[in-house]
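Here is the structure we will look at.
Labels below follow one simple rule: chain letters A, B, ... track the order of the sequence lines, proteins then strands, and each chain is numbered from 1.
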Amino acid sequence: MDFHNTLIKWYLQNKRDLPWRKTTDPYQIWLSEIMLQQTRVAQGMPYFFSFTKEFPTVFELANADEEKVLKLWQGLGYYSRARNLHKTAQFIANDLKGVFPPTYKELLKLKGVGEYTAAAIASFSYNEAVPVVDGNVFRVLSRYFDIESDIALPPTKKEFAQLAYELMPKEEPAIFNQAIMEFGALQCVPKSPDCSVCVFNGSCLALKKKKVDVLPVKSKKLKITNRFFNYLVLEDVLGNTLIQKRTSKGIWHNLYEFPLLETNGIVDFNFVAKTIREGILSSYTITALEECSHATVIHKLSHQHLHIQFWKVKVDENVVNGLNYNELKSFPFPIVIYNFIENEEKSR
DNA sequence: AATGCGGGGAC
DNA sequence: GTCCCAGCATT
């Protein structure tokens with residue numbers, strides 16, 4: 001039996017029931033695909049429900065404030081996805097009258113939509129015969145055909161796209177694309193796949209050559225940098241505190257945080273006391289400084305380890321633009337800060 | 001071509 | 001601890 005026939009048969013018998021598979025509405029397909037970039041289905045699912053409920057069409061999304069979009073995205077990570085999502089919604093609603101671009105080539109021009117996502121929308125919504133190449137496809141094809149090309153190198157993506165295109169039955173690209181990704185997600189998994197029950201265990205070259213555990217080949221190892229964040233949690237006599245938006249480039253762009261003192265290493269009480277007296281909070285009369293040692297955490301991003309300490313700073317004056325803990329909760333925060341806020345509120 | 005960008009799950 | 005997840009933008 002052909003590769004695609006075996007694959008599609010497997011898919012029809014084993015596919016998960018996922019909400020974005022019940023529609024061909026390009027808005028919902030687009031929404032789901034952006035959310036699932038570098039993100040597991042189980043993690044993205046609740047966000048898909050909250051977004052489709054809050055923003056049933058591209059117009060509601062376009063008309064929302066960015067802050068509201070980021071708030072709903074809170075916790076999902078890679079926040080540029082949410083910012084691009086919002087900008088693209090405005091473009092489609094305002095410039096395209098709500099009609100999504102009708103081809104792969106046109107979809108590719110949208111902010112936040114790359115080759116994978118354009119192919120996914122074009123095939124799932126329009127049944128256009130364009131192959132998807134994601135982490136699953138790399139894994140499935142590299143194993144089945146014993147391809148040792150380094151999947152971290154850009155030219156390799158073209159190689160796999162070409163191969164996937166040749167394997168694709170051109171009359172049903174949508175189901176083929178769904179099937180190959182689902183197969184990678186459920187059967188041909190990264191670690192210790194159960195090849196004894198695989199429908200391809202008679203033809204998979206990696207299995208035959210005992211190379212399942214070395215394929216796909218991926219070179220790049222990213223380097224981790226350590227950073228040291230001291231968050232200064234002001235508290236005035238009204239119980240109000242101060243937050244600010246991160247407007248600089250880098251992590252958590254446009255999310256909120258407490259006033260930040262970034263240092264080159266772990267710092268002690270005296271260092272923080274001296275710095276806030278002479279520096280960033282010198283306009284306040286500080287009546288107490290206390291390290292929230294119970295909240296100290298190493299927050300691990302994919303590329304940075306953030307050593308985070310929270311310091312409670314009690315001040316005599318009313319904090320300008322101060323907010324109470326209940327008001328805080330409507331702002332979008334990095335999840336590590338949101339967790340701190342929730343724990344503080346609970347312990348009151 | 002290389003790097004930055006989150007958070008979490010599986011092992 | 002490691003690896004990777006329905007990748008993309010920027011340089």
CA sep, side-chain torsions, deciding dist, call: Y325(A), T241(A), side-chain hydrogen bond (donor to acceptor under 3.5 Å, both in side chains): CA-CA 8 Å; Y325(A) 273 71; T241(A) 190; 5.3 Å; no

Given [N], is OP1 or OP2 found less than 4.0 Å from the side-chain N or O atoms of [X]?
X       : N      : value
Q304(A) : dC5(B) : yes
R139(A) : dC5(C) : yes
H303(A) : dG4(B) : no
Q37(A)  : dG7(C) : no

Determine the interatomic distance between [atom1] on [N] and the same-named atom on [M]; round to the nearest Å.
N      : M      : atom1 : result
dG6(B) : dC3(C) : C1'   : 15 Å
dC4(C) : dC5(B) : C1'   : 15 Å
dG8(B) : dC8(C) : P     : 22 Å

Mapping H253(A) and S192(A) onto DNA chain B by nearest heavy atom, which one lands closer to the 5' end?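 Looking at DNA chain B, the more 5' nearest nucleotide goes with H253(A).
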
Between the base of [N] and the side chain of [X], is there any donor-acceptor pair under 3.5 Å?
X       : N      : value
Q43(A)  : dG8(B) : no
R40(A)  : dC4(C) : yes
T39(A)  : dG7(B) : no
S302(A) : dG6(B) : yes

Anything under 30° is parallel, anything over 60° is perpendicular, the rest tilted; go ahead and classify W252(A) against F229(A).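 Geometry flag for F229(A) against W252(A): perpendicular rings.
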
Applying a 4.0 Å non-hydrogen cut-off, can you work out what [X] is touching in the nucleic acid: base, sugar-phosphate, or nothing?
X       : value
G44(A)  : nothing
G184(A) : nothing
L18(A)  : base
V113(A) : sugar-phosphate
W73(A)  : nothing
L76(A)  : base

Length of the CD-P vector between Q74(A) and dG8(B), whole Å: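 Rounding to the nearest Å, CD of Q74(A) and P of dG8(B) are 11 Å apart.
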
Distance only, no hydrogens: is a donor on one side chain within 3.5 Å (strictly under) of an acceptor on the other, for R81(A) and T39(A)?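 Looking only at side-chain atoms, T39(A) and R81(A) do form a donor-acceptor pair, the distance falling under 3.5 Å.
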
Has T88(A) got a side-chain atom pairing as donor or acceptor with K111(A)'s backbone, closer than 3.5 angstrom?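 A pair under 3.5 Å: yes.
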
Do the ring centers of F340(A) and F333(A) come within less than 6.0 Å of each other?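 No, the ring of F340(A) stays outside the 6.0 Å limit from the ring of F333(A), centre to centre.
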
Most 5' of R21(A) and K300(A) on DNA chain C, judged by nearest nucleotide: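 Upstream on the strand: K300(A).
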
